[in-house]
Amino acid sequence: MKNVIICLFALVVAGSTGCGKKQKEFAQNTVAWPEGMDDHQAMIKYLAALQEEYFQQPDNRYASTLRAERMLERLQKEKGEPAVVYDVAFECLSAGKTTETIHLLEEALKQQGSDLQQEQRLQFRKLLAIAYLRYGEQQNCISNHVAQSCILPIAPEAMYTEREATIKAYDLYTELAQEDKADLTSVFLLNVAAMNLGRYPDSLPDALRIPPSAFESEVDFPYFENAAIPLHLDVISASGGAITEDFDNDGFIDIVTSSWFLDDQLHYFHNNGDGTFTEQTEAANLNGITGGLNLIHADYNNDGFRDIFILRGGWWNDYGKLPNSLLRNNGDGTFSDVTKSSGLFSLYPTQTAVFADFNNDGWLDIFVGNETRRNTEKYPCELFISNADGTFSEQAQKAGVNLPVFAKGVVAGDYDNDGWMDIAISSQGQDNFLLKNVTGEKGKPVQFKDVSKQAGIVGPVKSFPLTFLDYNNDGWEDLIIFTYDAGVSDYDNAAYLLQQPLKGEVSVLYKNNGDGTFSNLSGTSGIEVPMAAMGFNYGDVNNDGWIDLYVGTGTPEYTSLVPNKMFLNNNGSDFKDITTAGGFGHLQKGHGIGFADLDNDGDQDIYEDMGGGYQGAAFQGACYLNPGNDNAWITLMLVGTTANKDAIGARVKIVASLPDGTERSIYQTVRTGGSFGSGSMQLETGLGKAASVKEVTIQWPGGATAVYTGLPVNTYVKIEEGKAEWSKVDHSTIEWQLAPAAEMDHSMHNMH
């Protein structure tokens with residue numbers, strides 16, 4: 001269908017009759033970098049010029065608004081054939097022109113109904129049904145947004161008050177599902193419409209009803225309130241990134257969000273420490289810094305303040321020839337774009353990168369996973385090695401990592417415990433990669449070796465986010481690779497709920513065997529749930545000392561209302577789905593996810609960027625507050641001296657003493673988490689029922705090891721490399737200022 005749409009668009013906009021007969025030329029970014037001004041102002045001007053001169057082109061499939069407007073103008077002048085009308089309606093829906101979509105489809109079905117072929121009529125009705133459903137979302141979930149909006153199963157507080165469009169969607173999906181019992185996507189969307197109207201489950205026929213038991217969690221779990229509205233964090237955005245980190249070193253975690261279009265403003269929310277956040281984007285010197293499907297952060301120049309790296313161009317193929325942005329934290333509440341002067345300027349499409357010290361010299365390097373597709377130019381991965389002065393040199397080819405892959409996720413970790421950071425890459429459409437760091441000696445050029453096959457790392461082929469983590473606390477980092485099988489994900493989501501066979505791949509937990517190989521635990525891990533994984537991060541949501549997983553889900557299609565998923569670690573044996581019990585099953589597209597203790601009370605909260613890939617698919621962000629638990633915890637704030645200042649890559653073993661006299665070991669690694677979202681780098685570690693911490697062993701990046709004893713539980717502890725003593729840090733706990741819904745200002749941040 002997508003190929004048909006692209007061809008039809010050429011007919012409508014350009015009058016071409018040769019779509020598909022000759023290979024399309026690669027789109028070229030010919031926009032010149034502004035000269036005669038500092039890096040920061042030049043980047044702002046460059047991004048604005050890219051939007052106008054390069055991105056806003058009618059043959060760019062992601063410029064939906066421009067395309068829809070051009071197509072509508074031409075359709076007004078010429079009578080459109082049914083296939084062309086369908087194409088215009090599809091583009092209007094992508095652009096958020098939902099009422100235009102509905103009008104076009106209704107008129108076509110009424111005026112040309114008898115002339116439509118059976119397959120055409122079916123496609124018109126399916127597009128009309130999802131247009132009605134999306135219009136209901138716009139009227140209710142967005143314009144009348146409440147905390148429970150679009151969280152499955154729909155709560156009474158979130159049921160629709162503007163009902164007409166959703167009733168029409170309900171009626172259409174009833175017809176579609178009854179006509180074709182194998183159309184499980186329509187069955188699922190019918191159930192969603194019924195929930196929004198308060199008709200679920202009783203009004204649905206037995207054959208079309210997803211049983212309420214399908215939405216039940218596998219174990220009980222406390223509910224996490226979505227407090228984005230009262231905290232004024234409900235920024236509307238399309239697909240984007242999220243960071244949770246203390247950027248001004250005041251002891252309180254701030255939040256940064258992005259949205260991937262080049263006219264979408266970055267947002268910086270300062271945690272005031274009094275139960276409120278204030279947007280300080282302008283004060284932080286970030287106005288005009290736009291775009292970015294993903295964000296990561298680290299202190300790249302070892303000055304004690306965390307910096308930001310924005311990834312741009314992912315999924316956009318030859319319209320993704322865009323610069324990433326390195327934003328230097330100036331330490332005074334402001335940021336400056338230093339991409340050019342730091343040596344990081346390049347024009348490749350990407351959404352994924354990772355900070356790590358690959359040569360153990362005490363300075364963070366950056367590996368960028370770029371996206372090469374079969375019908376695009378070659379965009380190899382890049383490796384930027386720090387020059388130890390705030391600048392970088394690109395050395396991917398020398399290091400053997402200039403791979404022309406379609407990288408959707410990259411992560412760094414020391415999987416073989418040899419003291420050198422390795423790299424894992426998920427490559428959509430092919431086997432994934434495990435690259436062993438074989439540098440072996442400080443001062444030598446960085447070198448990697450592909451050990452994927454011998455290590456047993458292969459699928460899933462339709463892969464997206466991934467991470468290293470020690471899920472079973474055995475001291476060896478395991479690898480999780482989530483699947484993104486867009487072609488069948490909507491069907492499989494419904495099939496899973498209806499207990500029918502799946503068509504697509506499942507996500508894979510690779511258990512580290514401790515000998516350089518991994519075991520594929522598919523079938524026993526508990527994460528083999530169809531979900532079209534995109535955003536991903538991890539933390540310990542109940543402080544039991546076992547790492548849990550949160551997955552942002554969905555494809556760009558409006559039919560892809562796949563609930564986001566939370567998996568609770570079952571004592572290192574497998575994972576249990578607690579999505580519904582915890583209130584995490586958001587139906588909108590989940591992207592950047594950050595775990596962090598936002599209120600300094602010892603448990604982890606979660607911020608998630610929501611919104612889809614089309615210009616009309618924006619949605620409010622979500623902020624889930626942890627209701628707390630009775631488990632003990634400790635937060636370690638590590639500061640490198642010989643190692644990089646953030647201590648990224650430090651391996652930490654915590655030996656906790658239990659009340660019955662036994663001991664348990666908990667293993668952590670300092671990093672920002674998964675490959676799509678960037679969480680706080682302080683080690684927020686649950687200790688379960690521990691009465692005390694017997695000892696903490698830290699293997700600093702570069703090889704130094706230190707052991708600390710007598711650390712207290714339920715507090716923040718600072719440890720500096722090279723110092724024999726630790727110090728307690730007094731962080732005041734925040735009481736959130738959550739006004740009742742009736743008193744709240746429902747005005748929301750616009751994404752532009």
Side-chain angles (χ1 to χ4, degrees), residues 31-51 240-250 253-260 262-271 278-313 322-347 350 353 355 363-366 368 382 384-394 592 644-646 648 672 678 681:
V31 180
W33 177 261
E35 301 294 343
M37 59 182 69
D38 65 68
D39 270 14
H40 189 83
Q41 292 305 316
M43 181 61 79
I44 291 173
K45 187 173 181 179
Y46 188 62
L47 292 172
L50 286 172
Q51 164 69 8
I243 301 174
T244 50
E245 188 58 90
D246 181 5
F247 283 103
D248 56 359
N249 293 341
D250 65 352
I253 300 292
D254 311 303
I255 296 174
V256 178
T257 72
S258 68
S259 183
W260 76 331
L262 288 178
D263 55 351
D264 290 349
Q265 173 63 53
L266 196 74
H267 292 275
Y268 173 69
F269 296 98
H270 180 257
N271 188 335
T278 300
E279 180 164 4
Q280 294 190 354
T281 303
E282 182 176 3
N285 193 38
L286 293 172
N287 274 2
I289 300 297
T290 58
L293 181 54
N294 193 11
L295 305 171
I296 61 173
H297 73 286
D299 181 3
Y300 81 94
N301 56 357
N302 285 339
D303 67 352
F305 291 91
R306 272 68 182 256
D307 314 290
I308 298 172
F309 195 46
I310 305 174
L311 289 311
R312 298 189 179 98
L322 306 172
N324 301 318
S325 274
L326 179 63
L327 303 179
R328 184 188 64 213
N329 188 333
N330 299 318
D332 59 1
T334 69
F335 294 83
S336 296
D337 193 303
V338 294
T339 310
K340 263 282 192 181
S341 58
S342 67
L344 293 177
F345 186 87
S346 67
L347 297 174
T350 185
F355 283 99
W363 292 79
L364 291 173
D365 313 301
I366 307 174
V368 180
E382 297 166 290
F384 295 97
I385 299 297
S386 175
N387 298 320
D389 60 1
T391 68
F392 297 83
S393 297
E394 208 288 304
N644 67 87
K645 181 76 77 173
D646 279 332
I648 287 178
T672 60
S678 203
M681 278 180 280

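If you read the sequence from its start, that first residue is 1, and numbering goes on from there.
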Any heavy-atom pair between the side chains of [Y] and [X] that's under 4.5 Å?
X    : Y    : answer
W260 : N294 : no
F392 : I366 : yes
D337 : L326 : no
Y300 : V338 : yes
T290 : D264 : no
L295 : S678 : no
T281 : Q265 : yes
L311 : L293 : no

Report the distance from atom [atom1] of [X] to atom [atom2] of [Y], rounding to the nearest 0.5 Å.
X    : Y    : atom1 : atom2 : answer
H297 : D307 : NE2   : CG    : 10.0 Å
I310 : I296 : CD1   : CD1   : 11.0 Å
T391 : I385 : OG1   : CD1   : 12.0 Å
T334 : R328 : OG1   : CZ    : 8.5 Å
D246 : I253 : CG    : CD1   : 5.5 Å

Between [X] and [Y], does any side-chain donor sit less than 3.5 Å from a side-chain acceptor?
X    : Y    : answer
H270 : T278 : no
S336 : N330 : yes
R312 : T350 : no

Set of salt bridge (Lys or Arg N to Asp or Glu O under 4.0 Å) partners for E245, sequence neighbours left out:
R306
Just jot down the salt bridge (Lys or Arg N to Asp or Glu O under 4.0 Å) partners of D254, sequence neighbours excluded, or say none.
none
Which heavy atom of [X] sits nearest a heavy atom of [Y], and at what distance?
X    : Y    : result
S258 : G241 : OG-N, 2.8 Å
I243 : I308 : CD1-CG2, 3.9 Å
G390 : S342 : O-CB, 3.7 Å
G592 : A242 : O-CB, 3.5 Å
M681 : A298 : CE-CA, 3.9 Å

So, using side chain to side chain contact (heavy atoms under 4.5 Å, CB included) as the criterion, who are the partners of [X] when residues are at least two apart?
X    : value
D303 : D299, N301, F305
N302 : W363, N644, K645
T257 : V235, I255, H267, F269, Y607
A284 : Y268, L286, F335

Keeping the roles fixed (side chain from S325, backbone from L327), state whether a donor-acceptor pair exists under 3.5 Å.
no
For F384, what residues pass the ring-ring contact (aromatic ring centres under 6.0 Å, His included) criterion, not counting sequence neighbours?
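Applying ring-ring contact (aromatic ring centres under 6.0 Å, His included) to F384 gives none.
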Any residue meeting ring-ring contact (aromatic ring centres under 6.0 Å, His included) with F355, in chain and number order, not counting sequence neighbours
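F355 satisfies ring-ring contact (aromatic ring centres under 6.0 Å, His included) with no other residue.
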Any chance you could lay out the side chain to side chain contact (heavy atoms under 4.5 Å, CB included) test for N324 and L344, step after step, and finish with the verdict?
CA-CA 8 Å; N324 301 318; L344 293 177; over 6 Å; no
Any residue meeting side chain to side chain donor-acceptor pair (under 3.5 Å) with S393, in chain and number order, not counting sequence neighbours
N387
What residues, two or more places apart in sequence or in another chain, satisfy side chain to side chain donor-acceptor pair (under 3.5 Å) together with N287?
none
Show every side chain to side chain donor-acceptor pair (under 3.5 Å) that has at least one partner inside residues 35-44, sequence neighbours left out.
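Sorted result for residues 35-44: D39-S341, H40-N285.
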Please list every donor-acceptor pair under 3.5 Å in which a side-chain atom of residues 44-51 meets a protein atom from a residue at least two apart or in another chain.
from	atom 1	to	atom 2	distance (Å)
Y46	OH	N29	ND2	3.3

